[in-house]
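Notes to accompany the following structure.
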Amino acid sequence: QLQASGGGLVQAGGSLRLSCAASGRAFSSYNMGWFRQAPGKEREFVSAISWRGGNTYYADSVKGRFTIARDNAKNTVYLQMNSLKPEDTAAYYCAAGRTTGSYYYADYVYWGQGTEVTVSS
């Protein structure tokens with residue numbers, strides 16, 4: 001089970017840190033990803049991290065602004081979001097899967113509920 005948190009309302013240029021807490025001992029064996037979905041749009045890949053944390057992947061739209069990290073001792077993955085833009089407004093979902101660095105949502109087996117991020121201009 002995955003539980004995402006940390007969303008909220010922030011002004012453009014601000015920062016937020018999302019967290020995704022996982023239950024179960026198998027967390028450290030899964031690759032983790034973040035996706036987002038804005039109203040009326042398809043779910044899109046944001047970032048992913050390999051099961052050991054040694055490899056990270058980002059969508060071009062967030063590269064240089066977002067940072068993904070994980071703490072396997074705490075069964076938690078994070079998404080630090082800096083320099084937020086209004087176009088980052090969306091529901092953000094964390095997910096777990098077996099495919100390293102996948103940008104494809106169908107490669108992720110477990111999903112958390114979304115946490116809403118709203119960036120005002």
Side-chain angles (χ1 to χ4, degrees):
Q1 185 175 4
L2 303 176
Q3 182 76 31
S5 62
L9 173 64
V10 64
Q11 289 188 331
S15 298
L16 283 173
R17 188 176 81 156
L18 305 183
S19 298
C20 176
S23 59
R25 293 174 292 179
F27 170 79
S28 60
S29 67
Y30 280 89
N31 301 293
M32 298 297 296
W34 286 96
F35 287 74
R36 67 186 181 186
Q37 187 167 18
K41 295 188 177 181
E42 293 186 351
R43 189 168 299 192
E44 65 173 356
F45 172 81
V46 176
S47 183
I49 188 167
S50 59
W51 65 279
R52 281 187 175 179
N55 295 294
T56 57
Y57 309 84
Y58 297 95
D60 287 344
S61 59
V62 306
K63 201 170 293 184
R65 299 188 298 122
F66 290 11
T67 303
I68 191 170
R70 68 189 296 164
D71 185 339
N72 286 343
K74 295 183 178 180
N75 277 11
T76 303
V77 62
Y78 305 97
L79 186 67
Q80 178 67 42
M81 307 187 295
N82 298 329
S83 302
L84 283 161
K85 305 175 181 180
E87 50 264 44
D88 294 318
T89 295
Y92 283 70
Y93 300 86
C94 60
R98 294 295 191 184
T99 303
T100 303
S102 175
Y103 287 46
Y104 186 43
Y105 69 89
D107 285 333
Y108 293 84
V109 179
Y110 302 105
W111 290 83
Q113 89 296 350
T115 185
E116 293 284 343
V117 172
T118 303
V119 185
S120 62
S121 57

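Note that the coordinates shown come from a computational prediction; the quantities given were computed from them, not determined experimentally.
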(message) I need the Glu44 CD to Gln37 CD distance, nearest 0.5 Å.
(response) 9.5 Å
(message) Is it the case that the side chain of Arg98 and the backbone of Asp107 share a donor-acceptor pair, with hydrogens and angles ignored and the cut-off at 3.5 Å?
(response) no
(message) Nearest 0.5 angstrom please: Phe35 CZ to Tyr104 OH, how far?
(response) 10.0 Å
(message) Suppose we screen for salt bridge (charged side-chain N to carboxylate O under 4.0 Å, His left out). Which residues come up paired with Arg65, at least two apart in sequence or across chains?
(response) Asp88
Run the side-chain donor-acceptor check on residues 11-24: report pairs under 3.5 Å with partners two or more places apart or on a different chain.
unit_1: Ser15; atom_1: OG; unit_2: Asn82; atom_2: OD1; d: 2.9
unit_1: Ser23; atom_1: OG; unit_2: Gln1; atom_2: N; d: 3.3
unit_1: Ser23; atom_1: OG; unit_2: Gln1; atom_2: O; d: 3.4

(request) For the residue pair Tyr103 and Phe45, categorise the inter-ring angle as parallel (less than 30°), tilted (30 to 60°) or perpendicular (more than 60°). (result) parallel
(message) With a 3.5 Å distance limit and no angle check, can you tell me whether Tyr108 reaches the backbone of Ser102 through a side-chain donor-acceptor pair?
(response) yes
(request) Please list, chain by chain and in numerical order, all residues satisfying side chain to side chain contact (heavy atoms under 4.5 Å, CB included) with Ala96, sequence neighbours excluded. (result) Leu2, Tyr30, Met32, Tyr110
(message) With disulfide bond (SG atoms under 2.5 Å apart) as the rule and sequence neighbours excluded, what pairs involving residues 26-74 come up?
(response) none
(request) Kindly indicate, with the supporting measurements, whether the criterion side chain to side chain contact (heavy atoms under 4.5 Å, CB included) is fulfilled by Ile68 and Tyr57. (result) CA-CA 8 Å; Ile68 191 170; Tyr57 309 84; over 6 Å; no
(request) First locate atom OH of Tyr58, then atom OG of Ser47, and finally report the distance between them rounded to the nearest 0.5 Å. (result) 4.5 Å
Which donor-acceptor pairs under 3.5 Å do side chains of residues 113-121 form with protein atoms, sequence neighbours excluded?
unit_1: Gln113; atom_1: OE1; unit_2: Ala4; atom_2: N; d: 3.4
unit_1: Gln113; atom_1: NE2; unit_2: Ala4; atom_2: O; d: 2.7
unit_1: Thr115; atom_1: OG1; unit_2: Gly7; atom_2: N; d: 3.0

(request) Could you tell me if the ring centre of Trp111 sits under 6.0 Å from that of Tyr105? (result) no
(message) Quick check for you: to the nearest 0.5 Å, what is the distance between Asn55 atom CG and Ser50 atom OG?
(response) 4.5 Å
(request) Output all residues satisfying salt bridge (charged side-chain N to carboxylate O under 4.0 Å, His left out) with Arg70, sequence neighbours left out; order by chain, then residue number. (result) none
(message) Would you say that more than 12 heavy atoms from the other residues, nucleotides or ligands in this model lie under 6.0 Å from the NZ of Lys41, or not?
(response) no
